[in-house]
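Order of listing sets the numbers, starting from 1, for every ligand and every atom in it.
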Amino acid sequence: MKSMFETQRLRIREMQITDFNHLFALDTDPEVMKYISDGKPDSEEQVRATIKRVIARYEDWKVYGAWAAEIKETGEFIGWFSLKPLPGTLEIEVGYRLLKKHWGKGYATEGATKMIEYGFQTLSLQKIVAITHPGNEASQKVLEKVGLRKTGEVDYQSTPDASQIRVVWFEISPK
Ligand SMILES: CC(C)(COP(=O)(O)OP(=O)(O)OC[C@H]1O[C@@H](n2cnc3c(N)ncnc32)[C@H](O)[C@@H]1OP(=O)(O)O)[C@@H](O)C(=O)NCCC(=O)NCCS
């Protein structure tokens with residue numbers, strides 16, 4: 001299992017097929033999924049497809065991906081962080097999703113900070129973006145704390161066939 005990043009409290013590593021139970025707990029929780037795509041929890045089938053896709057993309061993308069985060073001290077899975085192409089755009093997006101029991105402890109801020117540092121210092125990106133549902137105040141707070149700037153609301157479409165959704169757009173460029 002390949003370790004990717006370390007923060008003060010977290011180890012961020014590649015996902016494996018054995019993370020299915022972790023991802024299932026995350027993506028079938030209605031509260032976690034409230035502001036993600038259609039706002040509905042995923043089915044078991046969808047979670048199986050997601051974990052396979054996440055793992056396959058390590059090969060496809062090499063430097064981008066979604067990686068599992070665990071507490072260094074205990075090895076407990078808390079969720080994931082990502083830095084990857086934003087579908088339907090030429091942008092690179094930072095993302096995160098944590099199990100509810102681990103909200104409110106600063107983990108999202110800690111992991112997202114590492115994603116930004118990796119994007120700028122290692123990958124030399126010139127811009128990183130993020131989109132959130134307008135109601136997702138916790139996520140918007142995280143993005144602001146990490147240094148992203150809100151540029152406004154836009155209609156976003158991940159593919160030409162997908163329905164348009166209204167999102168808040170954030171971005172950051174290297175200092
Ligand atoms: C968004 C999410 C990752 C935040 O994780 P977290 O570890 O609790 O975030 P942090 O503790 O680093 O910071 C959260 C900040 O938002 C604030 N916050 C939390 N809930 C809030 C709410 N409902 N309204 C406004 N602010 C809120 C916290 O007070 C904290 O700010 P502070 O440090 O100034 O007090 C977590 O709620 C989550 O996984 N949600 C479900 C998935 C999701 O929405 N992902 C993002 C998609 S864009």
Element-labelled atoms of ligand 1 that are located less than 4.0 Å from some non-hydrogen atom of T132: 48 (S)
Indicate yes or no: does R13 engage D19 in a salt bridge with an N to O separation below 4.0 Å. yes
Below 4.0 Å from ligand 1: does a non-hydrogen atom of L99 turn up there or not? no
protein heavy-atom neighbour closest to atom 43 (C) of ligand 1 works out as I36 CD1, 3.8 Å
protein heavy-atom neighbour closest to atom 38 (C) of ligand 1 works out as W103 NE1, 3.2 Å
At a 4.0 Å threshold, what atoms of ligand 1 neighbour a non-hydrogen atom of Y107? 7 (O), 12 (O)
Taking the minimum heavy-atom distance to atom 14 (C) of ligand 1, which of V142, L98, V168 ranks first? V142
In terms of relative ring orientation, are Y58 and W67 parallel, tilted or perpendicular, with 30° and 60° separating the classes? parallel
For Y96, counting its heavy atoms only, list the atoms of ligand 1 lying under 4.0 Å from any of them. 3 (C), 45 (N), 46 (C)
Any idea which atoms of ligand 1 are less than 4.0 Å away from a heavy-atom of I131? 48 (S)
K52, NZ: over 12 other non-hydrogen atoms inside 6.0 angstrom: no
Shortest protein contact, atom 42 (C) of ligand 1 (heavy atom only): V32 O, 3.5 Å
T50: what forms a side chain to side chain donor-acceptor pair (under 3.5 Å) with it, not counting sequence neighbours? none
Minimum heavy-atom separation for W103 and L99, please, with both atom names. CD1-O, 3.2 Å
Identify the closest protein heavy atom to atom 44 (O) of ligand 1: which residue and atom is it, and at what distance? N136 ND2, 2.8 Å
Would you mind finding which of S139, A138, G135 brings a heavy atom closest to atom 20 (N) of ligand 1? A138
Heavy-atom nearest neighbour in the protein, as seen from atom 15 (C) of ligand 1, with distance rounded to 0.1 Å: K141 CG, 3.6 Å
Is a side-chain donor-acceptor pair under 3.5 Å present for Y96 with S139? yes
pair L98-F81: side-chain heavy atoms closer than 4.5 Å: yes
Is there a nitrogen or oxygen of Y35 sitting under 3.5 Å from a nitrogen or oxygen of ligand 1? no
At less than 4.0 angstrom from any non-hydrogen atom of G104, what atoms of ligand 1 do you find? 6 (P), 7 (O), 8 (O), 11 (O)
Could you tell me which atoms of ligand 1, counted from 1 in the order shown, lie closer than 4.0 angstrom to a heavy atom of T109? 10 (P), 12 (O), 13 (O)
R97 and V32, any side-chain heavy atoms less than 4.5 Å apart: yes
Please report whether atom 28 (C) of ligand 1 has a protein non-hydrogen atom at a separation of less than 4.0 Å. no
Return yes when atom NZ of K100 has more than 12 non-hydrogen atoms of other residues, nucleotides or ligands closer than 6.0 Å, and no otherwise. no
For R97, take its heavy atoms, then give the atoms of ligand 1 lying under 4.0 Å from any of them. 39 (O), 42 (C)
Got a protein heavy atom sitting under 4.0 Å from atom 33 (O) of ligand 1? yes
Short list, please: which atoms of ligand 1 are under 4.0 Å from a heavy atom of E137? 24 (N), 25 (C)
Any heavy atom of K145 under 4.0 Å from ligand 1? The part involved is side chain
Can you see whether F20 has R48 sitting over its ring - NZ or CZ less than 6.0 Å from the centre and within 45° of the normal? yes
Shortest heavy-atom approach to atom 10 (P) of ligand 1 - which of G111, S37, G106: G106
More than 12 heavy atoms from other groups under 6.0 Å of CD on Q164: yes
Pick, from A112, G79, G95, A108, the option with the minimum heavy-atom distance to atom 5 (O) of ligand 1. A108
So, E6 and R11, do they make that salt bridge, N to O below 4.0 Å? no
Is the number of heavy atoms from other residues, nucleotides or ligands under 6.0 Å of L90 CG greater than 12? no
